[in-house]
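Throughout, numbering of the chain's residues begins at 1 and tracks the sequence. Only a predicted model underlies this, so the values are computations on that prediction, with no experimental measurement involved. Note: hydrogens, waters and symmetry copies are ignored here, and every other heavy atom, side chains too, is used.
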Amino acid sequence: MAKVSKAAPILSVTVAAELAGMHAQTVRQYDRMGLVTAHRTRGGGRRYSLADVDKLIEIQRLSQEEGVSLAGIAKIFALQAKLDKSERARERLERENAQMRTALGLLRDELTRRDARLNRVFAAAPSGDVLMAERFEDLRSALREQMERERMDAGNDVVLWRPRYLVPQGLF
């Protein structure tokens, strides 16, 4: 047996009215007022869905049990539609926000990796040897070791170079 969508307009006015427990003229009146909107056939006949029948039942409940006027019911439905639309927009924005946070995390990781590569400290001795280290203290130790190995004169110049950060420190 094939499943029929709850939104499929397959019910005539009389069938929809019978399922909702009301007269067909009442359904037509609600249609004219805009409380339910029928789909039209090529010949102009009204067709309602099971969702429309649920709405008709709710109109009847609000009117008879709660004493809400038809204008009040129309306002309730308008507010509910607005709330549903806002909820869908909120869910979409939450998904987009999660995607953006993921992308931001990936970018932050990539910038951190690049900064780690570029944040190295270099020293060049007059002999042309270049030493590299992740920290200044490590470079100082390596430079002392090289100086001892080469027995450099105490008066030779040493040049230190440290590149700038790609991302300002403290940003993340």
For this session: Over all heavy atoms of both residues, which pair between Phe77 and Leu62 is shortest? Give the atoms and the distance, please.
Result: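 Smallest interatomic distance, heavy atoms only, reads CE2-CD1, 4.5 Å.
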
For this session: Find out whether Glu18 and Thr14 are in side-chain contact, i.e. whether some heavy atom of one side chain is under 4.5 Å from a heavy atom of the other.
Result: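 The answer is no; the side chains never approach within 4.5 Å.
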
Exercise. Is there side-chain contact between Tyr30 and Met22, with at least one heavy-atom pair below 4.5 Å?
Worked result: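 Heavy-atom side-chain distance check passes, below 4.5 Å.
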
Going from [atom1] on [X] to [atom2] on [Y], what distance comes out if it is rounded to the nearest 0.5 angstrom?
X	Y	atom1	atom2	answer
Ile59	Asp54	CD1	CG	11.0 Å
Leu35	Ile76	CG	CD1	10.5 Å
Gln25	Arg32	CD	CZ	6.5 Å
Glu66	Ile73	CD	CD1	10.0 Å
Glu91	Glu94	CD	CD	7.0 Å
Arg95	Met100	CZ	CE	15.0 Å

For this session: Identify which one of Val53, Ile57, Leu56 satisfies the side chain to side chain contact (heavy atoms under 4.5 Å, CB included) criterion when paired with Leu19.
Result: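 Looking at Val53, Ile57, Leu56, the match for Leu19 under the side chain to side chain contact (heavy atoms under 4.5 Å, CB included) is Val53.
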
For this session: Please list all pairs passing the side-chain hydrogen bond (donor to acceptor under 3.5 Å, both in side chains) test where one or both residues lie in residues 43-52, with sequence neighbours left out.
Result: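 As it turns out, the side-chain hydrogen bond (donor to acceptor under 3.5 Å, both in side chains) pairs with a partner in residues 43-52, which skip direct neighbours, are Asp31-Arg46, Asp31-Tyr48, Ser49-Asp52.
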
Exercise. With the threshold set at 4.0 Å, does a side-chain nitrogen-carboxylate oxygen contact exist between Glu58 and Lys55?
Worked result: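 Lys55 and Glu58: not salt-bridged.
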
For this session: Identify, with sequence neighbours excluded, every residue that meets side-chain hydrogen bond (donor to acceptor under 3.5 Å, both in side chains) alongside Gln80.
Result: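 For Gln80 the side-chain hydrogen bond (donor to acceptor under 3.5 Å, both in side chains) partners, ignoring immediate neighbours, are Asp84.
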
